[in-house]
Visitor: 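One structure, pasted below without further comment.
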Amino acid sequence: MTIDKLHQVVVYGLGAMGRPMARNLHKQGLLIGVKNRTQGKAQAMQKELGLTPFEDEAELFAAADTILTCVSADNDLKDIIQHIIPLLKPGSVVIDCSTVSPKTAQSVSDDLAANGIAFLDAPVSGGVEGAKKGSLSIMVGGDREHYKRAEDIFSAIGSQITHMGKVGQGQATKAVNQVMVAGVAQAVCSALAMAEQCKLDVKKVVEVLSAGAAGNWFLENRGQTMIKNEFNVGFKLDLLLKDLHICQSTLDSMDAALPLVQNSIEDYRRLSEAGYGDEDISALIRLKRCLLNQEDLTQESENDG
Ligand code: NAP
């Protein structure tokens, strides 16, 4: 049986992740248009990629067989889905690459299904670097037949693509991923703050430990930048804080709790309130230094170059 592959994509949400995803879809000839709340970003990308302009958004969405959304948070996704439902053609598919809760994925899927539109939750991991390289890990929930139809789209933006099960199970996998990300950041930031306190050459510590049993992606890619107090790269800690609340609500729904999640929420909330919300998650080392030096966060920022 031949599969009716999806190949006319509109990307909705041209943030740090959506823009490179749109470029990679364009390279594979799969992108027909882009849409963004702040219209200037959509116009700039349309010009950059030489996309054929549409008369209006009704014409744009009517021409698409797939809408790939990548927006900030749960309510943003819900709002745009309500807005586009009347514009989508029955039989089309919405693929959501935002990180939202499994519950939101299910509710959006139900709203779309009532209008004859399919839904796949497809959160990603690999950061802006992965989005640019087209090497994201993609964890997909939803009907397997639609997953198969979307294979070319997923291959254009990712290199590890896994069907996890029914709607919501992609997002549940992403929540598990974020618990791990938070745990690794806790371990590496605490340990490197200790290395500083021991007056070790921390650059050498990162080099030697990266090659041993404690080696990991975060240490290798963020170790050298965090000891130089450079936090302007990578994954904004406000986004991890949002994701950790999703982890917490997922655990709550099972009457469960993980201290790692609760402690990480508390740490990132403090950093965010102190004005570091746009910094990379490795800025957690600021708090760990304060803990070891018995300083407060205001004194820590005096180390900035
Ligand atoms: P971003 O750079 O802050 O971009 C957010 C996008 O969402 C923008 O296009 C923004 O439009 C749009 N948006 C926000 N609220 C909206 C609303 N109410 N209605 C319509 N559009 C709205 O964020 P990002 O880094 O691309 O992240 C997008 C998603 O991917 C998030 O769920 C994030 O958790 C997830 N993610 C991010 C990373 C990462 O490393 N950054 C990695 C994995 C997953 P405007 O341009 O108008 O503001």
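Start at 1 and go down the list; that is how both ligands and their atoms are numbered. Side chains are part of it too, since the values below use all heavy atoms of this structure and drop only hydrogens, waters and symmetry mates.
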Visitor: Please name the pair of heavy atoms, one in Q46 and one in V34, separated by the smallest distance, quoted to 0.1 Å.
Guide: N-CG2, 4.3 Å
Visitor: Parallel, tilted or perpendicular: which describes the rings of Y147 and F154, with under 30° parallel and over 60° perpendicular?
Guide: tilted
Visitor: Can you list every protein residue that has a heavy atom under 4.0 Å from any atom of ligand 1, sorted by chain and residue number?
Guide: G13, L14, G15, A16, M17, N36, R37, T38, K41, C70, V71, S72, D76, I80, S98, T99, V124, G127, V128, K174, F235, L239, K242, D243
Visitor: Decide yes or no on side-chain contact (heavy atoms from CB on, under 4.5 Å) for I265 and V261, but give the supporting numbers first.
Guide: CA-CA 6 Å; I265 287 177; V261 172; 4.1 Å; yes
Visitor: For E207, is there an ion pair with K203 - N to carboxylate O distance below 4.0 angstrom?
Guide: yes
Visitor: For residues A105 and V167, report the shortest heavy-atom separation together with the two atoms involved.
Guide: O-CG1, 3.7 Å
Visitor: Side chains of Q82 and D111 only: does a donor on one sit below 3.5 Å from an acceptor on the other?
Guide: yes
